[in-house]
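Please read the structure below before turning to the comments.
Proteins come first, then strands; the chains are lettered A, B, ... in the order of their sequence lines, and each starts at number 1.
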Protein chains: 2
Amino acid sequence: MHFSKTSEYAIRVLSYLSVHNESLHSVNTLHKELDFPYKYLTKLMTGLTKKGLVISNRGREGGFSLARDSKDIYLNDILNAVEDSGVNEDERCILGFDKCDSTNPCMLHDKWIKPKTLIDDMLLNTTLAELARSNKKI
Amino acid sequence: MHFSKTSEYAIRVLSYLSVHNESLHSVNTLHKELDFPYKYLTKLMTGLTKKGLVISNRGREGGFSLARDSKDIYLNDILNAVEDSGVNEDERCILGFDKCDSTNPCMLHDKWIKPKTLIDDMLLNTTLAELARSNKKI
DNA sequence: AAATAATACTACGATAAAGTACTAATTATC
DNA sequence: GATAATTAGTACTTTATCGTAGTATTATTT
């Protein structure tokens, strides 16, 4: 049970931005600091820009910064931005049981699918600010 | 946040075996009942056999059955068998923070990495028996 | 012994995720 | 205005996951 590589990159790069929010950071800087593949990071950052999580400043001396306060960015926002693996909107059964719904839930239904429980609770309630604060050494 | 297709197949086929444990079940039967790709299911079943979760009986009238009581098969066993995404033994940080360990945990460390909490708790403590019991309509 | 029904093995194909290469567009600095 | 440093866009390559095909092996039934 783990995040995809892309999700991990996104979470960590945004964490970095949140604890270094005094200035802009270019892909080059982020690449050197975080050691993610340069080109892949470029793609990721433009993606995060389109999704509205970061703001890009083009041209020389340009770079990226968080689009809003890290207290207002939730883990779930990040996962939704980079892939469709955030909190499940359609409540499809995580085990794939066709017959699993709220009236006839499988065992994991309540724990995994419905918001405000376990993972979803964490995804929905954990902010980037908390995440970043918890590991200063990035 | 979801299981891989293969994990889902494994969980569901083992659930099926646990609630129909009076006899052997061939890949053909399992394929018809569960509608998973026949050849892929074959490969999966021989894999589960090698990992010791099921017992295979070759030859005509052969098939598969659970290797042990479903009360002794945990979700984590299944995930470990089909991919390396069960509870993380080496405690690698789920966010990828190099510096995250028990003395300097990232925010998710306790919730995700250390056993007996949230997901890991569920994976380690949810048995196939409970899983299967919760959805009889498979 | 032959036929049949099953698992086991090996190799290949299709698709998605991860990563690379190249070029265009933008903007601050000189 | 030229240059340099940056983001943006497009296409390609690589790797892993998912799925298929064909054949060999095993064991039961007749």
Are any of the side-chain heavy atoms of A:Thr49 and A:Ile55 separated by less than 4.5 Å? no
Note, A:Leu75 side chain near A:Leu128 side chain (heavy atom, < 4.5 Å): no
When only distance counts, do a donor and an acceptor, one from the side chain of B:Lys43 and one from the base of D:dT20, lie under 3.5 Å apart? yes
Atom-pair distance (NZ on A:Lys51; P on D:dA8), nearest Å: 15 Å
Write down the distance between CG (A:Leu44) and P (D:dA8), rounded to a whole number of angstrom. 12 Å
Comparing B:Thr42 and A:Tyr40 on DNA chain C - which has the more 5′ nearest nucleotide: B:Thr42
Outermost contacting nts on DNA chain C, any atom under 4.0 Å from chain B heavy atoms, listed 5' then 3', are C:dT4 to C:dA11
Show your reasoning for whether ring pair (Phe, Tyr, Trp, His ring centres under 6.0 Å) applies to A:His25 and A:Phe64. CA-CA 5 Å; A:His25 300 276; A:Phe64 297 91; 9.9 Å; no
Look at B:Thr6 and D:dC18 and indicate whether a side-chain polar atom (N or O) is within less than 4.0 Å of OP1 or OP2. yes
In whole Å, I'd like the distance from the OH atom of A:Tyr38 to the P atom of D:dA5. 11 Å
Going 5' to 3' through nucleotides 22-30 of chain D, assign each nucleotide B (protein heavy atom under 4.0 Å from a base atom), S (under 4.0 Å only from sugar-phosphate atoms) or - (no protein heavy atom that close). BB-BBBB--
Quick one, A:Asn21 and A:Leu66 - any side-chain contact, counting heavy atoms below 4.5 Å? no
Check whether any side-chain heavy atom of A:Val13 sits under 4.5 Å from a side-chain heavy atom of A:Leu48, and report yes or no. yes
When you compare the side chain of B:Lys43 with that of B:Met45, does any pair of heavy atoms fall below 4.5 Å? no
Of B:Asn28 and A:Pro37, whose nearest nucleotide on DNA chain C comes first from the 5' end? B:Asn28
Flag the pair B:Leu41 / B:Tyr9 as yes when at least one side-chain heavy-atom distance between them is below 4.5 Å, and no otherwise. no
With side chains defined as the heavy atoms from C-beta onward, is the minimum distance between A:Ser15 and A:Ile11 less than 4.5 Å? yes
Can you tell me the distance, in whole Å, between the CG atom of A:Leu30 and the P atom of D:dT6? 11 Å
Whether A:Asn80 side chain and A:Asp77 backbone form a donor-acceptor pair below 3.5 Å: no
